[in-house]
Amino acid sequence: MQGLNDRQEEACSYVEGPLLILAGAGSGKTRVITHRIAYLIEECNVNPFNILAITFTNKAAKEMRERVDNLIGFGAESVWVSTFHSMCVRILRRFYDRLGGNNNFSIYDTDEQKTVMKEVLRLLNLDPKQYPEKKILSIISKAKEEYISPDDMERQSFGNFGDIKIAQCYREYQKRLKANNALDFDDLIFKTIQLFERHPDVLEMYQERFKYIMVDEYQDTNHTQFILVKQLSAKYRNLCVVGDDDQSIYKFRGADISNILDFESVFPDAKVVRLEQNYRSTSNILNAANAVIANNKGRKKKTLWTDKGDGEKIHFTKYENEFIEAQRVTEKILEINEKGVPLSDIAVLYRTNMQSRVLEEKLILTSTPYKIYGGQNFYGRKEIRDIVSYLKAIDNPADGSSFKRIINVPRRGIGDTTVNRIWDYAAENDMSVYDAMLMADKLPDIKRAAGKIGEFVKLMEGLRELSREGDITALYDEIMDKTGYKVELEAEGTDEAKARLENLEELRNKIIQYERDAEEPSLTELLEDIALVADVDNEDGLEDGALGGNGFVTLMTLHSAKGLEFPYLFIVGMEERLFPSGLSMDSGDPDDLEEERRLCYVGITRAMKELYLSAAASRMVSGSRIYPSESRFIEEIPDELIDMKEEFPGMRRNAFDNGAFGGRGSSGGYGSASYGGGSGNYGSSYGGSSYGSGSYGSGSYGSSSGGRGASYGGSDRGGSGAGSSYGSTTGSRSRSTTGRSAFASYGGTNPYKKEAPSGSGAFTVDYAVGDTVKHIKFGKGKVTELIKTGNEYEVTVDFDRVGEKKMFASLARLKKL
DNA sequence: GAACCCATCATTTTT
DNA sequence: TGATGGGTTC
């Protein structure tokens, strides 16, 4: 086992019996797992067929698959590398009938769950205001994660009225799912456990198959996943779990940290190996992370170390507000980039998605290519969901949720009333909605719409007929064609419609690709892939810079950064009540705060070379301006590791030229003076010498404080300088990433927004002089002037209400009328 | 069935 | 502030 340190080697060669590998951040965890698999096969003569490696995300599974294949070569393909969920689907597709189900079940996502829950609420005559489906679903999900059945729940309610109602919803929901021949995500695990419990022969078959089991990211497992692992490993007891309790950050979605903390009491003969040597960060960064996490009580003690040098100190700067914070972070990024660091080596992390917005604005302004991770994914888009629903309805005629989605899309004159009548009838008679539709003309009160239903059924029958031929691409084309979906979008002709058509074309490509790559393509399996693989787009993004390009800056939440690393890292918004979040502080459960601290630990340990932390002295939150103090996590970093600064408007130049002023804890004097009574009217206190006057003027951020007139009048330091130097390089790259995903973000509000294609500095407008446009704040107006300046447009609009305004097109977000 | 208006509500997210 | 969803109106 070349290239492994002693601890890593120990972890790899301990193969019999339970083993807990406590793998600190950056300690070469994946390496250990893959090498351990290799060791099992090559040194212990274990048949690869008998090895199971479970991960959490598809991405991780894919990565591990590749690494195992590379390391082992022949025979590697028989190792099962899988996520919990896809493993369970595979098992249930074979044996769900043993539980009285249909092996051809559909998998429901949150949207479809909501549809079902809405029906349940209607059926039980519950007020959706009192029982919001989202809340009920989350309670049910929690129950399922704890392996609690509807009966258990009712028993545990001890007569509490509300609880009983929820238990009833739970029972009815399961009933409706069953009628739809569908399972939700939690069911996948739940039903597998149930299958194993009720059918020991099936369990034993899998126990024989999986003699050696490895679970990655064990700190993220929930209770049912724990049960499942325990069941599978009960016979041979060769269970190796790998994780880091300090990186447990998913309690809110059911992760149970006690799984890892109590591993040794559940398996008293377990061996524990700690991987504490970090290969990622400088020792300053590491020591800061160690110091922060040391404040947590419930943890397995671990101290990361490295033989790398100290490196630079961690930088912390407190800025006046979130705009300046974003501004300065952007400038700093460009500064680092100019030294030859590709943008892909730089990331900005934040606690909440909302914080990305202001950063985005500054990055657009400076034409800095960026990419936001998180938010809406490809399969979440309306048009994709629509067509996928057609496919699902064809594949599984019992799938009521999918039918509900498409029955009137495109419009075919089947209204809610008709739909409700059919659905009610189906529920009352315990039949599928499709069967109810088949006899629509016999249903009471449906006479008028019966003909339309008949046509729809005929359409679906035709498509199902075609689907039997097995050519999914042809089926897709027929759906687009025969339903009129394509024609409708084409007729619309808007940019949005065009973008939707492009997305659908992308879906078609994915289908073609699937049919080409799959061993035995089937509609069922395709839909399964779609259900279980949330986002296919994110894959290539991060490595762009590694290919020699400049790449783009990565923006993401601290959560999504887990498992990644960046040479230059910014964490913004280090403020009390933002990070740690206010909710975690108020919850009363001290572990919530500890989880925030773990999140901070995860954040810090993402940094390899340099770490820039920042906070804003004032920030807009939920519509009002607040004045947070800096995060306790900053205080927890030892003085000698961190370089503390404050930059405030009046002293701005000093702050900038002289570097630090005021040591820690000196925040009192500065800034507070300039905030007057805290009325949010900070605008007047700066805009002084060093900054172009209109930089933060009214129009752009909508702060109604008049006075400045045209927004962004002056030239912005970072803006003009960087704009020209980055414009050309970025323009050419935008397309090269992944085509469609060249758009700046999947998240945000409008995935089709024309502005700000990441990577391409080229911003385009769809209006011209003379057009009537609408501004979100100023209302309607006429474009009187449109000047292209570099990558931007300066647009002048004569508004009906407020007169003439000059603004940057990328920020004004004008809509052509 | 679409266009508006008002109220409400605002962590983190994968499968 | 702003997005979103429900309800109302034409």
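Numbered from 1 within each chain, the chains take letters A, B, ... in sequence-line order.
- In this structure, the nucleotide among dT15(B), dT11(B), dT12(B) sitting nearest to the side chain of Leu532(A) is dT15(B).
- Taking atom CG of residue Asp184(A) and atom C1' of nucleotide dT14(B), one finds them 14 Å apart after rounding to whole Å.
- Qualifying side chain to side chain donor-acceptor pair (under 3.5 Å) partners for Arg412(A), counting only residues two or more places apart in sequence or in other chains: Tyr390(A).
- Remark: C1' of dT13(B) and CG of Leu583(A) are 16 Å apart, rounded to the nearest angstrom.
- In this structure, Asn353(A) reaches the dT12(B) phosphate: one of its side-chain N or O atoms is under 4.0 Å from OP1 or OP2.
- Counting any heavy atom pair closer than 4.0 Å across all strands shown, Glu596(A) reaches a base atom.
- Of all the heavy atoms in Leu613(A) and Met574(A), the pair that sits closest is CB-CG, 4.1 Å.
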Which donor-acceptor pairs under 3.5 Å do the side chains of residues 125-138 of chain A make with protein atoms, sequence neighbours left out?
from	atom 1	to	atom 2	distance (Å)
Asp127(A)	OD1	Lys129(A)	N	3.0
Ser138(A)	OG	Lys135(A)	O	3.4

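- Closest of all the heavy-atom pairs between Arg619(A) and Glu325(A) is NH2-OE1, 3.1 Å.
- Ser624(A) comes within 4.0 angstrom of no nucleic acid atom, judged by non-hydrogen atoms across all strands.
- Between the side chains of Asp216(A) and Thr55(A), no donor-acceptor pair of N or O atoms lies under 3.5 Å.
- Looking at the side chain of Lys129(A), the nearest of the listed nucleotides dG7(C), dT15(B), dT13(B) is dG7(C).
- The listed nucleotides are dT11(B), dA10(B), dT15(B); the one nearest the side chain of His85(A) is dT15(B).
- Leu558(A) places its CG atom 14 Å from the C1' atom of dT13(B), with the value rounded to the nearest Å.
- In this structure, OH of Tyr250(A) is placed 12 Å from C1' of dT11(B), rounded to the nearest angstrom.
- The nearest whole Å value for the distance from the CG atom in Asp216(A) to the P atom in dT15(B) is 13 Å.
- Considering only side-chain atoms of Met620(A), the nucleotide from dT1(C), dT11(B), dT13(B) that sits closest is dT1(C).
- Salt-bridge formation is detected for the pair Glu217(A)/Lys562(A): a Lys NZ or Arg NE/NH1/NH2 atom is positioned less than 4.0 Å from an Asp or Glu carboxylate oxygen.
- For the pair Ser560(A) and dT12(B), the criterion of a side-chain N or O lying under 4.0 Å from OP1 or OP2 is not met.
- The residue Thr57(A) sits close only to the backbone: its heavy atoms come under 4.0 Å of sugar-phosphate atoms, none of a base.
- Atoms CZ (Phe84(A)) and P (dT13(B)) sit 21 Å apart, rounded to a whole Å.
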Quick one: which protein N/O atoms are closer than 3.5 Å to N/O atoms of nucleotides 2-4 of chain B? Pair and distance per line, please.
from	atom 1	to	atom 2	distance (Å)
dA2(B)	OP1	Arg411(A)	NH1	2.4
dA2(B)	OP2	Arg411(A)	NH1	3.3
dA2(B)	OP2	Arg411(A)	NH2	3.4

Next on the checklist: Does Phe56(A) form a ring-ring contact (aromatic ring centres under 6.0 Å, His included) with His85(A)? I'd like the steps, not just the answer.
Outcome noted: CA-CA 8 Å; Phe56(A) 262 80; His85(A) 294 268; 8.1 Å; no
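- Note on Asn222(A): nothing from the nucleic acid sits closer than 4.0 angstrom, heavy atoms only.
- Here the side chain of Asn408(A) is nearest to one of dA10(B), dT12(B), dG1(B), namely dG1(B).
- For the pair Arg93(A) and Phe105(A), the cation-pi criterion (under 6.0 Å, within 45° of the ring axis) is fulfilled.
- Side-chain N/O atoms of Asn58(A) include one lying less than 4.0 angstrom from OP1 or OP2 on dT15(B).
- Under the stacking criterion of a centre-to-centre distance below 5.5 angstrom and an interplanar angle below 30°, Phe252(A) is not stacked against the six-membered ring of dT11(B).
- Rounded to whole Å, the P atom of dA3(C) lies 15 Å from the corresponding atom of dT12(B).
- Checking the phosphate oxygens (OP1, OP2) of dA3(C), a side-chain nitrogen or oxygen of Arg357(A) falls inside 4.0 Å.
- Each of Ser581(A) and Ile414(A) has a nearest nucleotide on DNA chain B; the 5'-most of these lies closest to Ile414(A).
- Nearest heavy-atom pair across Ser401(A) and Glu112(A) is OG-O, 3.5 Å.
- Within the nucleic acid shown, Thr352(A) comes within 4.0 Å of sugar-phosphate atoms alone, with no base atom in reach, counting heavy atoms only.
- Among the protein residues, Phe56(A) comes within range of the sugar-phosphate backbone only, with heavy atoms under 4.0 Å from sugar or phosphate atoms but none that close to a base.
- With rounding to whole Å, Leu188(A) atom CG is found 13 Å from dT15(B) atom P.
- Sequence order on DNA chain B of the closest nucleotides to Asp416(A) and Arg253(A) puts Asp416(A) first from the 5' end.
- Between Ile571(A) atom CD1 and dT12(B) atom P there is a gap of 16 Å when expressed in whole angstrom units.
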